[in-house]
Asks: 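Handing you a structure now.
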Amino acid sequence: MHTFSDACSTGSTQLHFATSFGEPLDRVTYRLRDGRGNTYVGSTSTDGRGVRLSSHHDGGPVEHEGTWRLSGSGHVQIDIRRDDDSWKHIGSFCHHAHQRSNVVITANATAFPFQVEIA
């Protein structure tokens, strides 16, 4: 679910939401939980981009426009808001304090509003 790139002094994790065909999912409301009692609720942009998580070393989590700052490495839980406003847990990933990574959350089911014929 994630890939790592170069080591760095401040870690960052960028979230992307997409269909199984690679199309971006826009306006998906999601909740992140860091296991330390902190949460972040956001919605994806039109290009499927979610919040960017970033590590800093001077205290607890801080929110900035488009960035959720965490105090260090840790597992982050991902929940998606359902149509009835309840939350569904869909997975987790590890944010690393000294690495840059991308996490792609892929929808594993697709509904076709039309009949599909295989020739």
Side-chain angles (χ1 to χ4, degrees):
M1 186 191 309
H2 62 275
T3 58
F4 297 109
S5 62
D6 303 319
C8 58
S9 61
T10 301
S12 66
T13 303
Q14 179 65 58
L15 299 182
H16 298 273
F17 292 76
T19 68
S20 57
F21 298 116
E23 296 294 320
L25 289 171
D26 65 334
R27 295 184 303 267
V28 173
T29 302
Y30 60 91
R31 176 177 67 187
L32 305 177
R33 296 175 285 135
D34 71 357
R36 297 178 183 113
N38 301 300
T39 61
Y40 177 90
V41 176
S43 293
T44 59
S45 61
T46 56
D47 64 355
R49 189 176 299 254
V51 70
R52 178 177 167 267
L53 286 74
S54 178
S55 298
H56 67 99
H57 306 286
D58 59 357
V62 178
E63 290 183 37
H64 292 283
E65 180 91 22
T67 301
W68 187 33
R69 296 199 183 273
L70 301 175
S71 59
S73 297
H75 279 75
V76 177
Q77 303 289 319
I78 307 171
D79 304 321
I80 298 295
R81 181 174 283 158
R82 295 178 172 155
D83 291 338
D84 66 0
D85 287 335
S86 65
W87 294 100
K88 176 183 171 88
H89 176 72
I90 62 166
S92 64
F93 63 93
C94 189
H95 168 73
H96 296 277
H98 299 287
Q99 291 183 321
R100 291 189 181 118
S101 60
N102 289 310
V103 174
V104 179
I105 297 95
T106 305
N108 62 0
T110 304
F112 288 97
F114 50 86
Q115 185 175 1
V116 177
E117 292 183 24
I118 300 175

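The residues of the chain are indexed from 1 along the displayed sequence.
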Asks: Using the salt bridge (charged side-chain N to carboxylate O under 4.0 Å, His left out) rule, collect all pairs that involve residues 12-30, keeping only residues at least two apart or in two chains.
Replies: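 Sorted result for residues 12-30: empty, none.
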
Asks: Using side chain to side chain contact (heavy atoms under 4.5 Å, CB included), reason through Y30 and I90 one step at a time and then give a plain yes or no.
Replies: CA-CA 10 Å; Y30 60 91; I90 62 166; over 6 Å; no

Asks: Assess the residue pair T29 and S43 against the criterion (side-chain hydrogen bond (donor to acceptor under 3.5 Å, both in side chains)); give the C-alpha distance rounded to whole Å, side-chain angles, the decisive distance to 0.1 Å, and a yes or no.
Replies: CA-CA 4 Å; T29 302; S43 293; 3.2 Å; yes

Asks: Say you draw a straight line from CD1 of I78 to CZ of R31; how long is it, rounded to the nearest 0.5 Å?
Replies: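 Rounded to the nearest 0.5 Å, the CD1-CZ separation comes out at 12.0 Å.
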
Asks: To the nearest 0.5 Å, what is the distance between CG on L53 and CZ on F93?
Replies: 5.0 Å

Asks: Which pairs count as salt bridge (charged side-chain N to carboxylate O under 4.0 Å, His left out) when at least one residue sits in residues 80-94, sequence neighbours excluded?
Replies: none

Asks: To the closest 0.5 Å, what do you measure between CG (L25) and OG (S45)?
Replies: 11.0 Å

Asks: For a quick test of reading the model, state the closest non-hydrogen atom pair linking A97 to S55 and the distance between them.
Replies: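 Here A97 and S55 meet closest at CA-OG, 3.3 Å.
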
Asks: Can you measure from CD (Q14) to OG1 (T67) and round to the nearest 0.5 angstrom?
Replies: 8.0 Å

Asks: For S73 versus R36, what's the shortest heavy-atom pair and its separation?
Replies: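 Looking at all heavy atoms of both residues, the closest pair is O-NH2, 2.7 Å.
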
Asks: How long is the straight-line distance from CG of N38 back to CH2 of W68, given to the nearest 0.5 Å?
Replies: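 Spacing of CH2 (W68) from CG (N38) equals 6.0 Å.
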
Asks: Starting at CG of L70, measure out to CG of D34 and round the result to the nearest 0.5 Å.
Replies: 6.0 Å

Asks: Does the S92 side chain pair with the main chain of H75, one donor and one acceptor, at a distance under 3.5 Å?
Replies: no

Asks: For S54 and R69, what are the C-alpha separation, side-chain angles and deciding distance, and is it a side-chain hydrogen bond (donor to acceptor under 3.5 Å, both in side chains)?
Replies: CA-CA 5 Å; S54 178; R69 296 199 183 273; 3.2 Å; yes

Asks: Checking T13 side chain against H95 main chain: does a donor-acceptor pair fall under 3.5 Å?
Replies: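 Not at all, since once roles are kept as given, no pair shorter than 3.5 Å links the two residues.
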
Asks: When L32 is tested against each of D79, T39, L15 for side chain to side chain contact (heavy atoms under 4.5 Å, CB included), which residue passes?
Replies: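 By the side chain to side chain contact (heavy atoms under 4.5 Å, CB included) criterion, L32 pairs with just one of D79, T39, L15: L15.
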
